[in-house]
Peer 1: 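Handing you a structure now.
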Amino acid sequence: MSQLDQTHWDLVIVGGGNAALCAAIEAAEAGMRPLILEAAPKPYRGGNSRHTRNFRCMHHGPLSVLTGTYDEEEYFDDLLRVTKGETDEHLARLAIRTSEDCLPWMEAHGVAFQPSLSGTLSLSRTNAFFLGGGKALVNAYYNTAEDLGVTVAYEAEVTQIHVQDDRFEGVTARIGGEDMRIEGKGLILASGGFQADLDWLARAWGPSAKNFLIRGTPYNRGVPLKQMLDKGADSVGDPTQCHAVAIDGRAAKFDGGIVTRLDCVPFSVVVNRDGDRFYDEGEDVWPKRYAIWGRLVAAQPDQVAYAIIDAKSLELFMPSVYPPEKADTLEGLAQKLGLPGNKLRETVDAFNAACQPGAFHPTELDGLATDGLEPPKTNWARPITEPPFYGYSLRPGVTFTYLGLKVDDTARVSGPHGRFANIWAAGEIMAGSILGQGYLAGFGMTIGTVFGRIAGQEAARHV
Amino acid sequence: MFDQAPKLSATEEARRQIEICNACRYCEGYCAVFPSAFSQRAFSDGDITQLASLCHNCRGCYYACQYTEPHEFALNLPQALAEVRVESWERFAWPGAFARIFQQSGAALSAALVIGIAALFWALTALAPESGEGFYAYLSHSAMVAIFLPAFLLPLAAIGIGLRRYWTEVGGARIRWPHLKEALIDGAKLKNLSGGAAEGCNFEKGDRYSQGRRHAHQAVFWGFMLCFASTSSGTVLHYVFDMQAPYGLFSLPKLLGVPGGILLVLGAGLLIRLKLKADAKLGAPRVWGGEMAFVALLGLTGLSGLVLYAATGTALVAPLLALHLGTVLTFFLTTPYSKMVHGFYRMASLVRDAQRKEA
Ligand SMILES: Cc1cc2nc3c(=O)[nH]c(=O)nc-3n(C[C@H](O)[C@H](O)[C@H](O)COP(=O)(O)OP(=O)(O)OC[C@H]3O[C@@H](n4cnc5c(N)ncnc54)[C@H](O)[C@@H]3O)c2cc1C
Ligand code: SF4
Ligand code: SF4
């Protein structure tokens, strides 16, 4: 019992990311003494939240670093578009409406903001960027929580949740290698999705999931989620799906974070392991197509693809963390990437031959499309001719999973007998209650902040 | 045997890290380093020197970074840039060997101090004037000028050489007034030390923000400036108005010097305290001792001046005068080779950054 001197707590909070911290701060401000159980060691505390950069915030007129106005209707429309209607309107509007209050609340609890980052100007109206990113946010919240008397146990993985009928009684946690039972009057689950459990991912998605890279924390293995589903908690979200983007194939298995992002696809020819193209690289501007490329690559043999550009395009996108492979000929590049050289040459020649004259505009849909090519490239189709040639490998990088717990507008988890008496959920673990599919940049942190705060307030009211 | 990655030079290591930052950009709002870096895609050695000179080691970007150890990217930008800075000051200094000694070694700086004080004791005995008033009863005005004029001008010349070398390395253009103005305003306000949107540095309290370092630095800076102004005003009074030291409490030299000395002492004391609490691994650990000794020397300059003033008319004036003048002498002579030089390069980097923003 290394770090804990008591086994009975007002409130047990599972997880140490944004949602957990917002819940802990609200509960502590309402007079409770919460315990946070964080599976990660201290340097890696904060789950996927430590990798974030902004949250999406409704506002009327300029607010802190946000410009213009972003009202409820526009926000909701944006959400409907990406989820193709698979949105719980009541909860979504609650999250959107409350987001406006969240920004000043966050500032009052230590979070600093900065103007939208260079290269992301299009987000300056909708998304408020954290100064220093999500880890700075998480640090600020840990300091605030500490000042409010919240206790935090690191390397404390919850392995079991004990429930009697509709009441939570306690958890079993492995703390510093030892199993320990901890009782609580209430439970808040904020332990994220299950994407770091590759076996589970493979059962849900298929064996190819073993080749996926996980963009964030290795600690979100969905153990608390699984425990609750076994206890009959209602689930939401597609159990077989995950949000995956195409990232640099050389990234580490876990925790590569934002820098493994590759923005070169719209200016590339993308081929699979066999040297064949498989999708329109120029379908839309990259931020709008970013998210589908994870699935596209996942569907290719060995779950890998290669983006090929020439010297003309190297500086048109954000620099990447791993330098591209580089060669003076396409054959040379193919050799470095492990691609069949003749085939790559054939594919690129066919592409080049299908390119049409016209004006190239890298920052907008320029309609510069191929003619007679299958699949076509419908924008930014410029022949790849100018050496040196550059190539990046792409792999699916999983951001989060959709399967989650169903909650109501008080963040209370529902089960076989209606609502559980004293169990709340916030953040990624219940995001499926709002987003059935798709994703809107910055909405994950909004959901975590809004529902984390609600869960903390509600728990303080009811236990 | 072969799987060990070769150790990178300070510049290479900083470049490795800055390239990761350039793909991330989360720290853009902290300081001038990031906007300057993010305007480029490739970084020459001179670019890295310039970025390092823009960094004031607030450490915000360390505590905010999701890629610090044990992550494989092992980011520690405050340290990487501090190492580059220290190396660059050694490279630019003339003669370079002095910088290697005094930056690194607190003992060397202390030894220099002892020698400086001893030299003044010797001067006081050997050059004792026949007559004179105030301090000039102990050391004639002409002897003081003979000692301190070269002790002031030689280091300035050495710094000038260093700055020229810096300017060449970072590829600086011709300096015009708007560049200088912007740099001076930034410098005087310690704008970047405010931490951008953050409230101060992450220095002595780990990942909590604090204004402590900024306030301490302001005290030292303005304290030093007041002391300097006090001496300058004394010189003007002496030569222009033919008014000789000692000056009374309500004279310009004293009105500037007394508060200046107090600020200098308080600021230096506070800086030492903060530095003792802060994590040495987020600076350049190699020069920690030299930096500490330098701050102590600054504080001692102020303190010995105040004590000397307080002792006016007592028998202690002679030894205290030797102590104070010896400290000042050591301070001046080591300026091009101690941490003191950072102020000059920092100003130069701000001027260069103003040029970048204009381009
Ligand atoms: C690279 C990347 C960038 C992103 N950028 C953004 C962005 O800019 N804006 C945005 O809105 N969203 C972003 N997201 C999504 C965002 O990270 C999530 O929506 C959000 O962080 C979820 O917060 P959370 O608190 O629910 O989960 P997390 O922050 O993931 O926290 C889960 C916590 O639970 C702990 N945990 C897990 N299992 C257990 C257990 N059994 N016992 C104890 N503790 C456990 C984990 O260690 C972790 O601390 C990004 C995601 C990634 C991967
Ligand atoms: S220090 Fe870390 S968080 Fe900050 S910009 Fe660099 S890589 Fe990103
Ligand atoms: S330590 Fe501070 S000043 Fe230096 S680069 Fe980091 S944020 Fe900028």
Side-chain angles (χ1 to χ4, degrees), chain A residues 41-46 48-54 64-65 107 110-120 129-140 142-144 146-147 216-217 248 251-263 314-323, chain B residues 15-43 58-78 192 194-202 205-211 279 281 357:
Chain A
K42 192 171 176 188
Y44 281 121
R45 70 183 182 185
N48 280 351
S49 302
R50 67 200 291 283
H51 284 292
T52 63
R53 55 183 189 175
N54 62 32
S64 180
V65 294
E107 287 184 326
V111 178
F113 289 90
Q114 62 185 343
S116 70
L117 305 178
S118 50
T120 64
F129 283 75
F130 318 132
L131 178 66
K135 188 170 167 200
L137 169 138
V138 163
N139 288 343
Y142 272 102
N143 286 328
T144 303
E146 187 189 308
D147 294 345
T217 179
D248 196 305
K253 193 76 183 171
F254 293 102
D255 259 335
I258 193 75
V259 299
T260 63
R261 168 185 91 274
L262 273 182
D263 297 344
L314 187 65
E315 307 213 337
L316 294 178
F317 49 91
M318 280 268 289
S320 60
V321 74
Y322 301 105
Chain B
R15 185 181 294 121
R16 178 189 78 80
Q17 296 196 23
I18 277 286
E19 283 174 353
I20 295 173
C21 294
N22 206 9
C24 168
R25 308 201 168 184
Y26 283 11
C27 292
E28 192 164 81
Y30 276 115
C31 69
V33 172
F34 296 99
S36 176
F38 301 160
S39 65
Q40 289 159 278
R41 293 182 79 97
F43 303 94
C58 79
R59 302 158 178 221
C61 66
Y62 174 82
Y63 291 104
C65 184
Q66 64 275 31
Y67 299 121
T68 53
E69 279 186 319
H71 195 283
E72 59 170 343
F73 288 159
L75 259 282
N76 183 347
L77 198 61
N192 282 292
S194 70
E199 279 149 31
C201 297
N202 288 146
K205 290 189 191 159
D207 61 14
R208 285 175 190 258
Y209 294 105
S210 147
Q211 293 283 5
D279 185 346
K281 287 192 301 298
K357 282 188 259 179

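Owing to the predicted nature of the structure, the values given are computational and were not obtained by experimental measurement. Hydrogens, waters and symmetry mates are skipped; everything else that's a heavy atom, side chains included, is used.
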Peer 1: Please check: side-chain N/O of B:Y63 versus main-chain N/O of A:K135, any donor-acceptor pairing under 3.5 Å?
Peer 2: no
Peer 1: I'd like to know if the side chain of B:N22 and the backbone of A:P319 have a donor-acceptor N/O pair within less than 3.5 Å.
Peer 2: no
Peer 1: Tell me whether B:K281 at atom NZ has more than 12 heavy atoms from other residues, nucleotides or ligands lying less than 6.0 Å away.
Peer 2: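 Not more than 12 within 6.0 Å, no.
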Peer 1: Over all heavy atoms of both residues, which pair between B:Y26 and A:H51 is shortest? Give the atoms and the distance, please.
Peer 2: OH-O, 2.7 Å
Peer 1: Rounded to the nearest 0.5 Å, how far does CG of A:N139 lie from OH of B:Y209?
Peer 2: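 Answer rounded to 0.5 Å: 8.0 Å.
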Peer 1: Between A:V65, A:V321, A:V138, which residue shows the highest count of heavy-atom pairs closer than 4.5 Å to chain B?
Peer 2: A:V321
Peer 1: With a 4.5 angstrom heavy-atom cut-off, which part of A:F129 approaches chain B: side chain, backbone, both or neither?
Peer 2: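 Answer is neither: A:F129 stays 4.5 Å or more from chain B.
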Peer 1: Measure distances from A:E146 to the heavy atoms of chain B and classify the residue's part below 4.5 Å as side chain, backbone, both or neither.
Peer 2: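 The side chain, not the backbone.
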Peer 1: Please lay out, stage by stage, how A:Y44 and B:H71 fare under the test side chain to side chain contact (heavy atoms under 4.5 Å, CB included).
Peer 2: CA-CA 9 Å; A:Y44 281 121; B:H71 195 283; 3.7 Å; yes
Peer 1: Where on A:S64 is there a heavy atom nearer than 4.5 Å to chain B: the side chain, the backbone, both, or neither?
Peer 2: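 A:S64 has no heavy atom closer than 4.5 Å to chain B.
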Peer 1: Measuring from atom CZ of A:R53 to atom CD of B:E28, what distance do you get when rounded to the nearest 0.5 angstrom?
Peer 2: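 Rounded to the nearest 0.5 Å, the CZ-CD separation comes to 11.0 Å.
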Peer 1: Pick from A:L137, A:N143, A:T260, A:D263: which one has the most heavy-atom pairs with chain B under 4.5 Å?
Peer 2: A:N143
Peer 1: Please report the closest heavy-atom contact between A:A252 and B:E72, naming both atoms and the distance.
Peer 2: CB-OE2, 3.2 Å
Peer 1: So which part of B:R41 gets closer than 4.5 Å to some heavy atom of chain A, the side chain, the backbone, both or neither?
Peer 2: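 Just the side chain, heavy atoms under 4.5 Å.
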Peer 1: Based on non-hydrogen pairs under 4.5 Å, which of A:S118, A:G133, A:A136 is most in contact with chain B?
Peer 2: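 Of the candidates given, the most pairs with chain B belong to A:S118.
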Peer 1: Distance check, rounded to the nearest 0.5 Å: A:T52 atom OG1 versus B:Q66 atom CD?
Peer 2: 9.0 Å
Peer 1: Please identify, among B:G60, B:C21, B:S39, B:A64, the residue contributing the most non-hydrogen atom pairs under 4.5 Å to chain A.
Peer 2: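 Heavy-atom pair counts peak at B:A64.
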Peer 1: Starting from the C-alpha separation in whole Å, work towards a yes-or-no answer on salt bridge (Lys or Arg N to Asp or Glu O under 4.0 Å) for A:R45 and B:D207.
Peer 2: CA-CA 14 Å; A:R45 70 183 182 185; B:D207 61 14; 3.4 Å; yes
Peer 1: For B:C24 and A:L117, which heavy atoms make the closest approach, and how far apart are they?
Peer 2: O-CD1, 4.3 Å
Peer 1: What part of B:P70 lies closer than 4.5 angstrom to a heavy atom of chain A: side chain, backbone, both or neither?
Peer 2: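 Contact with chain A involves both backbone and side-chain atoms of B:P70.
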Peer 1: Under 4.5 Å from any heavy atom of chain A, what part of B:F73 do you find: side chain, backbone, both or neither?
Peer 2: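 Contact with chain A is through the side chain of B:F73 alone.
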Peer 1: So what's closer than 4.5 Å to chain B heavy atoms on A:L262: side chain, backbone, both or neither?
Peer 2: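 For A:L262, neither part sits under 4.5 Å from chain B.
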